[in-house]
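Report on the structure given below.
Just follow the structure's listing: the first ligand is 1, and inside any ligand the first atom is 1.
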Amino acid sequence: MSDSGDYKLWGGRFAEPTHELMQRINASINFDRRLYAQDIRASQAHAAMLGRQGVLSLEDVVLIIQGLDAVKEEIEAGEMAWRTSLEDIHTHVEARLQELIGQPAGRLHTARSRNDQVATDLRLWVMAACRDLDQGLLEFQRALVSLAEAHALAIMPGYTHLQRAQPVLFSHHLLAYVEMAQRDRDRLADCYRRTAVLPLGAAALAGTTYPLDPATVALDLGFTGGTCLNSLDAVSDRDFAAELLFALTLTQVHLSRLAEELILWSTSEFGFVRLADAFSTGSSIMPQKKNPDAAELIRGKTGRVLGDLVALLTVLKGLPLAYNKDLQEDKEPVFDAVDTVLDCLHVLAPMLASLEVREQAMAQAVRAGFLNATELADYLAAKGVPFRQAHEIAGRAVLLAERSGRVLENLGIEEYKGLSSVIEEDVYQVLEPEHAVNRRLSPGGTAGDNVRAALKEARKRLWPPPA
Ligand code: ARG
């Protein structure tokens, strides 16, 4: 790009040059250049509509659309000279277009303001991000389901208060995260629906006197929700971006909980899994260390995604209608949160695929900690003992076993008879972890039959046959 001096969109009424520091704080080009494709696409749709409406001549429209294609190619070839004096992406694109096609470039901005332009660009960018994020979440879900299928019958301790509680299938535990990710995808789809509404036509704030047809621009650009109904709202709210950031914060919180479990499970204390070397690091001083850094970073990045949400909400709070320059601060949190969550999703999928699951260690952990005490109480209740009393008797069995360093399976039948006369030899079968798991057939329970069906259903849903 030749240096043709300052191209300003608003120079007319100014007698003095902009202060260098003002230029610096005012410029958004360092981050909003990421909107170039959306900016150019929206400008082309705008110009085409102005042509259809007879506001621009068809010759000008063709020049503008072709010129914008050329600008896009230059940007993608890395040939655009970015300059803080040119403020933002909108100014850069227009200035370069002016250099390429001359006069007609000045007509592109007819019936438009950077206010509705930037809102349009950001909505388009968020729509594309929603699609990428949905794909990332889908791949994360697939990795979870594949891992669950590979260890479908492994039994692990289920926890409450991080204390061993009842045995559950490892696959059931993983499928819990598939559900969370499904709701995350639903939230994104919902956010997409409200984002896909076109602000273009609102102009600076009040609408415009030109005979526009924004509905066709909406169609052209894929704004499935049509056009904004109020021009002031169209240029001044960023609730679609705040929604995205909330959806992403919750997604990242879900990822963080899984990351925390992977960290716990990979300790020597648990020993349930081993993370692949590819997703771990060593210590510079302790040669034996293998640290779960990838999982820790996923956990740690939750703070910044939440920070992005808080930053945007804080920008919006207290802004009078309509557009204010504060709104320029909307982009960096959005870009940062989307980049961060996509990175984490992309890391998690191969991390799960390469995870070594130690079924033996899980099975061993299930044997210690009296996870079958509930089974004993249920067994007594089934034989007619009121549950409260059954709970009490099972508790005494635990105490008896614990004091003698044993587990419930090791108590003799005479010891059991001493606790309750209704207990018979069949109690030992009830105390087996498989028995405890497979009896939990309530909807959504961990029984093998349930989980097999859930895995089958997930496979069908997440790997639809090509249409
Ligand atoms: N760079 C600006 C932003 O991101 C574009 C809109 C500027 N509008 C204005 N009236 N100064 O918000």
Side-chain angles (χ1 to χ4, degrees), residues 6-14 16-19 21-43 46 68 71 75 80 82-98 105-106 108-129 195 197-208 228 230-242 244-245 308 311-338:
D6 281 2
Y7 183 94
K8 268 211 166 73
L9 302 179
W10 40 266
R13 64 101 63 223
F14 286 78
E16 289 168 14
T18 313
H19 195 288
L21 290 172
M22 172 57 198
Q23 233 176 49
R24 209 169 83 193
I25 193 178
N26 196 34
S28 52
I29 189 59
N30 283 338
F31 49 88
D32 71 10
R33 65 173 75 164
R34 285 184 70 167
L35 297 173
Y36 78 92
Q38 288 74 21
D39 194 67
I40 287 173
R41 182 77 198 84
S43 285
H46 179 68
L68 286 170
V71 175
I75 293 176
M80 176 68 101
W82 306 105
R83 285 183 274 161
T84 46
S85 60
L86 290 184
E87 250 187 89
D88 54 23
I89 184 64
H90 325 295
T91 315
H92 274 82
V93 171
E94 198 183 303
R96 185 61 189 136
L97 185 65
Q98 169 89 35
L108 168 61
H109 212 52
T110 310
R112 187 175 76 169
S113 152
R114 275 187 296 162
N115 297 351
D116 56 347
Q117 186 179 356
V118 73
T120 301
D121 293 359
L122 188 61
R123 280 178 186 260
L124 277 174
W125 194 92
V126 166
M127 285 153 66
T195 304
V197 184
L198 178 73
L200 215 54
L205 74 163
T208 164
C228 290
N230 181 295
S231 62
L232 296 166
D233 174 49
V235 292
S236 68
D237 207 351
R238 296 291 184 269
D239 52 356
F240 64 95
L244 174 71
L245 292 186
D308 291 327
L312 180 62
L313 288 173
T314 311
V315 166
L316 295 178
K317 179 200 171 294
L319 282 191
L321 299 187
Y323 178 84
N324 301 271
K325 195 60 173 266
D326 314 46
L327 289 172
Q328 181 162 287
E329 294 290 314
D330 60 358
K331 289 165 208 65
E332 285 165 293
V334 169
F335 296 157
D336 182 69
V338 171

Nearest neighbour in protein (non-hydrogen) for [atom]:
atom	result
atom 8 (N) of ligand 1	Asn115 OD1, 2.9 Å
atom 11 (N) of ligand 1	Arg114 NH2, 3.7 Å
atom 3 (C) of ligand 1	Tyr323 OH, 3.3 Å

| task | Give yes if a backbone or side-chain nitrogen or oxygen of Gln328 is under 3.5 Å from a nitrogen or oxygen of ligand 1, and no if not. | result | yes

| said: Please report the interatomic distance CZ(Arg41) to CG(Asp121), rounded to the nearest 0.5 Å. | reply: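 Arg41 atom CZ to Asp121 atom CG measures 12.0 Å (nearest 0.5 Å).
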
| note | Output for pair (Leu316 CG, Leu327 CG), nearest 0.5 Å, gives 6.5 Å

| By side chain to side chain contact (heavy atoms under 4.5 Å, CB included), which residues pair with Thr91, not counting sequence neighbours? |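 Scan of Thr91 (side chain to side chain contact (heavy atoms under 4.5 Å, CB included), adjacent residues dropped) gives Tyr7, Leu9, Leu86, Glu87, Asp88, Arg114.
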
Within ligand 1, which atoms have a heavy atom of [X] less than 4.0 Å away?
X	value
Asp88	1 (N), 2 (C), 5 (C)
Lys331	3 (C), 4 (O), 12 (O)
Ser28	1 (N)

| field | Derivation of the side chain to side chain contact (heavy atoms under 4.5 Å, CB included) call for Met127 and Gln38 | value | CA-CA 10 Å; Met127 285 153 66; Gln38 288 74 21; over 6 Å; no

| Would a distance-only check, ignoring hydrogens and angles, find a side-chain to backbone donor-acceptor pair under 3.5 Å from Arg33 to Ile89? |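 Between the backbone of Ile89 and the side chain of Arg33 there is no qualifying donor-acceptor contact (under 3.5 Å).
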
| task | Check the surroundings of atom NZ in Lys317: do more than 12 heavy atoms from other residues, nucleotides or ligands lie under 6.0 Å from it? | result | no

| message | For Glu87, state whether at least one heavy atom is located under 4.0 Å from any atom of ligand 1. | response |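 No.
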
